[in-house]
Amino acid sequence: MRVTIVGAGYVGLVTGVSLAVDGHHVTFVEAEVGRRSELTAGTVPIEEPGLAEAFQQHRDSIAVVERIGDAVSDSDFTFVAVGTPISDIGEPDLTQLRSALDGLRDCPAAHVSVRSTLPPGTSLRLPALMGRSSSERISTNPEFLRQGTALHDYRNPTRVVIGRFADTSQEHLERLDELLGALEAPRLRVDVTTAELVKNVANGFLALKLSFVNEVAALSEEYGVDVQDVLDGIAFDPRIGSSYMRPGLGFGGSCLPKELQVLAAAGRRKGIPMHVARAAAQVNMEQQDRFVRQLLRGLPPGGGRVALLGLSFKADTDDLRGSPSIHVARRLMDAGHEVVAHDPAVRPDRARSAAPGIEVVADPLEACDGADAVVIGTEWPLYRELPLERVAARLRQPLIFDGRNIIDPDRAGAAGLTYTGVGRRRVEAARPGDTLVGPRRPED
Ligand SMILES: NC(=O)c1ccc[n+]([C@@H]2O[C@H](COP(=O)([O-])OP(=O)(O)OC[C@H]3O[C@@H](n4cnc5c(N)ncnc54)[C@H](O)[C@@H]3O)[C@@H](O)[C@H]2O)c1
């Protein structure tokens, strides 16, 4: 089929390139000039494993245009994958969605499915926003991919959710089914509001799991136990398990923090307090602040230097949206400290615009030169393998703050580093011949 994808971001590109791999002809409509010109020049503007290679291999069946009308009139199917962020006042910002749908007003015959994540109640307005009196050719198809494994997740979804209106035609659903045909997964055809809530609640539930685990990590620290031992202990219960239960300095990205706010805003409109979602958001902010407070206690009051390893919100992506690591960098610089960062995927100019004043270097060991502490902000695999003796030798103070719990505390201690993780026992730097291992000090 000839498929149009409106919005060449993380979801749009993964969807479009995967459809090109499946043999379809794909046209991306992208509003941002920088992204568009990179794509036109054959470069993928985001970091997602395997995406650039797949894009290159199927470039002949991929086009990039600026205006929706240039693509859609000639298309068999259109997916909308524009951003639906949250505004500064905690309300969903539908500006991108409105502009995309506005562009579709001149294409009344187009088959359109919205893959963007929509707050509950939004889909019912889709026909009006497209200037249509019928929803015959409209559906929603929320995306569940995870950045970092997005191509794999597109190909192996846990479920395919299709939101339909009462009058969505069989022909439209068949076209959508044909496009998604290669995906083997349970298929849910539900009304559009249910489809929205399936997506909102899935993200919200993951977020609250993480916040609960992070709060338990803080509690474990105060009681001098290792949170991992607690989590291992509860994981035996099959009702609890162990997935998505990794403590850290907080979660970020464009989805999980947003979805808690979307749920809170949806509750406000309907008089449901959504206590749990709001508490999970609050805990996530406190978790990041707690980590910064611990870090600040280790730095010289007059202004120190911190090596920050990892800037993206998670490994295997360059996405800085909502990144706890960026939050940490800004807080440190606000407190008068210098931050020297390394990240294997984030472009330095993007790092500098997300955290003005940050220094970016190309080598993690270089970041450690003369620093008063090294901080692990993202769980990139290369940081698991850091040569800790060499790190210790370069630091002015031998302190490591592991915001992702990826370093073995005893290995750090043996290398001469004092280790602080999240909810883990603190390990003091060993002097030659020492093995100083003990619980966290109560004053910490
Ligand atoms: N990133 C994820 O992991 C993920 C996963 C599942 C669902 N989602 C949802 O998918 C949607 C897209 O997320 P994303 O991360 O890909 O966002 P993104 O910001 O990376 O991409 C959106 C793109 O749409 C473009 N755009 C905006 N308005 C446009 C218009 N009128 N015409 C053409 N292009 C336009 C933007 O310039 C941008 O490049 C969001 O609703 C998000 O919540 C994201």
Side-chain angles (χ1 to χ4, degrees), residues 4-18 27-40 44-49 51 64-72 78-86 92-107 112-120 122-123 126 129-130 140-154 157-161 195-196 198-200 202-204 206-207 251-263 312-323 350:
T4 296
I5 309 279
V6 186
Y10 290 85
V11 168
L13 278 171
V14 168
T15 304
V17 170
S18 299
T27 303
F28 289 105
V29 181
E30 173 53 50
E32 198 196 298
V33 65
R35 275 194 174 171
R36 203 171 56 244
S37 47
E38 282 197 53
L39 286 167
T40 310
V44 172
I46 60 167
E47 172 66 30
E48 181 60 44
L51 188 63
V64 184
V65 300
E66 180 183 356
R67 276 186 304 274
I68 291 177
D70 295 344
V72 173
T78 297
F79 286 108
V80 175
V82 296
T84 48
I86 202 90
D93 173 357
L94 300 179
T95 316
Q96 294 183 38
L97 183 74
R98 283 176 201 283
S99 82
L101 298 181
D102 206 42
L104 284 161
R105 280 175 180 268
D106 296 334
C107 318
V112 180
S113 193
V114 178
R115 273 173 93 72
S116 303
T117 302
L118 302 178
T122 311
S123 299
L126 294 176
L129 290 168
M130 282 186 248
T140 62
N141 175 217
E143 174 59 72
F144 294 90
L145 60 78
R146 298 162 299 174
Q147 285 172 234
T149 50
L151 284 178
H152 171 271
D153 292 352
Y154 176 88
T158 47
R159 72 288 208 195
V160 174
V161 176
E196 291 167 338
V198 169
K199 175 65 189 173
N200 304 143
N203 274 356
L206 292 172
F251 56 82
S254 64
C255 293
L256 266 47
K258 170 182 89 170
E259 223 64 67
L260 292 173
Q261 294 197 56
V262 164
L263 288 168
S312 55
F313 84 92
K314 63 186 275 196
D316 292 316
T317 180
D318 59 348
D319 197 349
L320 295 176
R321 290 177 290 183
S323 170
R350 290 187 187 165

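On a predicted model such as this, the values are computed, not experimentally measured, just so you know. Remember, it's 1-based here, ligands and their atoms both numbered in the order they're listed.
Residue L145 touches ligand 1 through backbone and side chain together, judged by heavy-atom distances below 4.0 Å. At a heavy-atom distance under 4.0 Å, no atom of E48 approaches ligand 1.
Using modelled atom types, one side-chain atom of E196 and one backbone atom of S123 make a donor-acceptor pair closer than 3.5 Å.
Under the 6.0 Å distance and 45° angle rule, R159 counts as a cation-pi partner of F144.
Every atom of ligand 1 with a heavy atom of V29 under 4.0 Å away is listed here by number and element: 33 (C), 34 (N). Less than 4.0 angstrom separates some heavy atom of S116 from each of these atoms of ligand 1: 10 (O), 11 (C), 41 (O). Atoms of ligand 1 lying under 4.0 Å from any heavy atom of A81, numbered from 1 in the order shown and given with element: 12 (C), 22 (C). Atom numbering of ligand 1 starts at 1 in the shown order; those under 4.0 Å from a heavy atom of R35 are 18 (P), 20 (O), 21 (O), 38 (C), 39 (O). Heavy-atom contacts of T84 reach the following atoms of ligand 1: 40 (C), 41 (O), 43 (O) (cutoff under 4.0 Å). Close contacts between ligand 1 and A100 involve ligand atoms 31 (N) [criterion: under 4.0 Å to a heavy atom]. Annotation for ligand 1: atoms under 4.0 Å from non-hydrogen atoms of V6 are 32 (N), 33 (C). Close approach of ligand 1 to C255 is summarised as follows: ligand atoms under 4.0 Å from at least one heavy atom of the residue are 2 (C), 4 (C), 5 (C), 44 (C).
If you check which protein heavy atom lies closest to atom 34 (N) of ligand 1, you get A31 N, 3.1 Å. Nearest protein heavy-atom contact of atom 8 (N) of ligand 1 is V11 CG2, 3.5 Å. The nearest protein atom to atom 22 (C) of ligand 1, hydrogens excluded, is given as G83 N, 3.5 Å; this is a heavy-atom distance. The shortest contact between atom 31 (N) of ligand 1 and any protein heavy atom is with S99 OG, 2.7 Å. The protein atom (non-hydrogen) at minimum distance from atom 43 (O) of ligand 1 is K258 NZ, 2.6 Å. For atom 27 (C) of ligand 1, the nearest protein heavy atom (residue, atom name, distance) is Q96 OE1, 3.0 Å. In this structure, atom 2 (C) of ligand 1 lies nearest to the protein heavy atom Q147 OE1, 3.2 Å. For atom 29 (C) of ligand 1, the nearest protein heavy atom (residue, atom name, distance) is V82 CG1, 3.6 Å.
Rounding to the nearest 0.5 angstrom, the gap separating the CE atom in M130 from the OG1 atom in T78 is 9.5 Å.
Residues T317 and E47 have side chains that never bring a donor and an acceptor to within less than 3.5 angstrom of each other. At a cut-off of 3.5 Å, with distance as the only test, a side-chain donor of D93 or T95 sits close to an acceptor on the other residue. Counting only N and O atoms by type, the side chains of K258 and T84 include a donor and acceptor under 3.5 Å apart.
Distances between N or O atoms of T117 and those of ligand 1 include at least one value under 3.5 Å. Distances between N or O atoms of E143 and those of ligand 1 include no value under 3.5 Å.
In this structure, F28 and L13 have side chains that are in contact, with non-hydrogen atoms separated by less than 4.5 Å. The shortest side-chain heavy-atom distance between I46 and R35 falls under the 4.5 Å cut-off.
The neighbour count for R67 CZ, taken as heavy atoms of other residues, nucleotides or ligands under 6.0 Å away, does not exceed 12.
When all heavy atoms of L39 and A8 are compared, the pair lying nearest together is CD1-CB, 3.6 Å. Closest approach of A195 and P142 over heavy atoms only: O-CG, 3.8 Å.
When each of T15, L51, D318, L145 is checked for a side chain to side chain contact (heavy atoms under 4.5 Å, CB included) with Y10, only D318 meets the rule.
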